[in-house]
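Notes to accompany the following structure.
Quick note on labels: first sequence line is chain A, next is B, and so on, each numbered from 1.
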Amino acid sequence: MVLRNRHLYSLIAILILLGVYGYEYFLTELDSAELVKEEARVKTETNTFFLPTSTTGQIIHHKGYSLSYSEPHEQAEWVAYELKKSHLATTNFKRPYFEIDHAVKTGAASWRNYKNSGYDRGHLVPAGDKNYSQQAHDETFLTSNISPQRHAFNAGIWNALEQKVRYWASKYDGVFVVTGGVLTSGLTTIGTEKVAVPDAFYKVVFDADHNKMIAFLMPHKNSAEPLYNFVVSVDSVEVITGIDFFPELEDDLENQLEATTDYSGWSF
DNA sequence: CTGCCTCCC
DNA sequence: GGGAGGCAG
């Protein structure tokens with residue numbers, strides 16, 4: 001009788017242990033799934049999805065975009081952000097003043113470098129892409145987000161390209177965008193801090209939902225040519241900038257997307 | 001020198 | 001999408 005009870009108690013103990021461990025295992029599985037989601041959420045919020053590599057080692061994350069700052073050129077070598085369809089808005093926020101980006105540890109350029117220089121303070125992340133909130137809009141007026149641009153270029157073909165990207169964001173339900181000037185050595189500079197004036201600007205657009213990519217390389221002058229005349233392969237932009245775009249993509253896919261100059265999948 | 005305002009294309 | 005001049009602190 002005593003022996004039988006012992007067996008019974010052992011059995012109960014084993015069942016309890018199984019139950020406890022099983023429940024903990026369940027919780028652990030739940031935790032790891034939640035953790036993945038949490039990481040994805042944080043990455044999305046800090047724009048660490050699909051960031052290019054930095055040749056300068058100074059990547060800065062703002063709420064609405066990230067950038068890699070080049071101290072020698074006193075501007076970003078790239079800015080990167082996701083332009084969601086839900087971001088598109090026609091709100092007209094009051095235009096703020098340009099502010100020095102204090103997140104840049106080496107000191108971002110002052111906007112006064114541009115004063116009387118003959119060049120526009122050209123947005124890299126367009127304010128027009130951030131009209132969904134006052135904060136996101138104002139954040140584009142940091143000096144880490146501007147580059148000296150000829151007014152005719154900025155207001156001309158470059159503006160046309162920015163509008164085309166917004167059209168694509170709407171048509172294809174969101175795109176990832178990377179933009180910058182081609183920062184080489186020996187460029188003309190403006191202001192006391194010697195902000196470099198790029199000879200060309202590039203823009204890379206990735207439609208992750210439909211797996212297609214397109215890149216533009218534009219000489220720093222206005223043009224009446226159609227936008228698709230400036231399409232180049234992403235690979236060629238990587239060669240002249242030293243930047244690796246979308247390194248997180250699976251290699252075969254990345255190689256395929258970045259080698260092409262075929263823009264037939266993009267509606268102009 | 002920097003921040004801000006007003007008027008301008 | 002931007003610029004210039006001017007004024008106060």
Side-chain angles (χ1 to χ4, degrees), chain A residues 62 64-65 67 69 71 73-76 78-81 83 87-170 175 177-182 187-205 216-227 229-230 268:
Chain A
H62 290 304
Y65 65 97
L67 65 99
Y69 198 81
E71 183 59 29
H73 302 92
E74 286 293 5
Q75 65 196 279
W78 55 253
V79 299
Y81 58 103
L83 181 56
H87 289 169
L88 301 173
T90 53
T91 326
N92 236 336
F93 293 113
K94 183 175 182 288
R95 192 183 173 85
Y97 306 108
F98 283 95
E99 280 183 26
I100 294 173
D101 186 352
H102 295 293
V104 175
K105 291 184 177 61
T106 52
S110 160
W111 60 269
R112 289 207 191 246
N113 288 290
Y114 292 72
K115 201 171 174 67
N116 296 317
S117 70
Y119 291 93
D120 278 11
R121 307 152 172 106
H123 278 80
L124 293 175
V125 179
D129 285 5
K130 300 292 178 184
N131 274 336
Y132 54 91
S133 85
Q134 178 87 61
Q135 186 191 16
H137 172 264
D138 290 359
E139 206 179 44
T140 69
F141 284 79
L142 294 169
T143 55
S144 53
N145 184 45
I146 58 175
S147 177
Q149 291 183 331
R150 295 193 176 92
H151 184 74
F153 173 79
N154 190 17
I157 194 163
W158 189 248
N159 183 38
L161 179 56
E162 290 175 341
Q163 293 187 40
K164 189 66 70 183
V165 172
R166 283 194 281 275
Y167 166 70
W168 286 333
S170 170
V175 290
V177 188
V178 184
T179 296
V182 178
L187 294 173
T188 339
T189 64
I190 57 169
T192 55
E193 292 178 280
K194 301 190 185 303
V195 182
V197 182
D199 287 331
F201 290 86
Y202 69 86
K203 196 178 279 285
V204 181
V205 183
F216 297 84
L217 182 64
M218 294 185 163
H220 189 182
K221 61 171 194 260
N222 195 25
S223 170
E225 289 180 46
L227 291 173
N229 279 17
F230 298 93
F268 277 85

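- Within 4.0 Å (heavy atoms only), R95(A) reaches at least one base atom of the nucleic acid.
- We find that CZ of F141(A) is positioned 15 Å from C1' of dC4(B), with the value rounded to whole Å.
- Between the CZ atom of R150(A) and the P atom of dG3(C) there is a distance of 15 Å, given to the nearest Å.
- Here the P atom of nucleotide dT2(B) and the NE2 atom of H102(A) are 11 Å apart, to the nearest Å.
- Residue N159(A) places no side-chain N or O under 4.0 Å from the OP1 or OP2 atom of dG1(C).
- For K115(A), counting side-chain heavy atoms from C-beta on, the closest listed nucleotide (dC4(B), dG5(C), dG2(C)) is dG5(C).
- The aromatic rings of F153(A) and H220(A) lie perpendicular to each other, with more than 60° between the two planes, well past the 30° mark.
- Between H123(A) atom NE2 and dG1(C) atom P the separation is 8 Å, expressed in whole Å.
- Regarding N116(A), its CG atom lies at a distance of 11 Å from the P atom of dG3(C), rounded to whole Å.
- Of the candidate nucleotides dC4(B), dG2(C), dG3(C), dG3(C) has the atom lying nearest to any side-chain atom of R121(A).
- Note on G122(A): only backbone sugar-phosphate atoms sit closer than 4.0 angstrom, heavy atoms only; bases stay farther off.
- Across dG1(C), dA4(C), dC4(B), the shortest atom-to-atom separation from the side chain of R112(A) is found for dC4(B).
- Distances shorter than 4.0 Å separate none of the side-chain N or O atoms of N154(A) from OP1 or OP2 on dG3(C).
- Rounded to whole angstrom, the span from the CD atom of Q163(A) across to the P atom of dG2(C) amounts to 12 Å.
- Looking only at atom types and distance, the side chain of H62(A) has a donor-acceptor partner in the side chain of D101(A) under 3.5 Å away.
- The residue among H151(A) and K94(A) whose nearest nucleotide of DNA chain B is located toward the 5' end is K94(A).
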Steps toward ring-ring contact (aromatic ring centres under 6.0 Å, His included) verdict (Y69(A), H73(A)): CA-CA 8 Å; Y69(A) 198 81; H73(A) 302 92; 9.8 Å; no

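- Within 4.0 Å of F153(A), counting heavy atoms only, lies no atom of the nucleic acid at all.
- When each of S117(A) and E162(A) is assigned the nucleotide of DNA chain C bearing its nearest heavy atom, the one mapping closer to the 5' terminus is E162(A).
- Using a 4.0 Å cut-off, some side-chain N or O of Y97(A) falls inside it from OP1 or OP2 of dC5(B).
- Between H123(A) and F141(A), the ring planes are perpendicular. Angles over 60° get that label, and only those under 30° would be called parallel.
- Note: F268(A) and F216(A) have perpendicular aromatic rings, judged against thresholds of 30 and 60 degrees for the angle between ring planes.
- Per the geometry, CD belonging to E99(A) stands 20 Å off P belonging to dC1(B), to the nearest Å.
- Between the CG atom of D120(A) and the P atom of dC9(B) there is a distance of 16 Å, given to the nearest Å.
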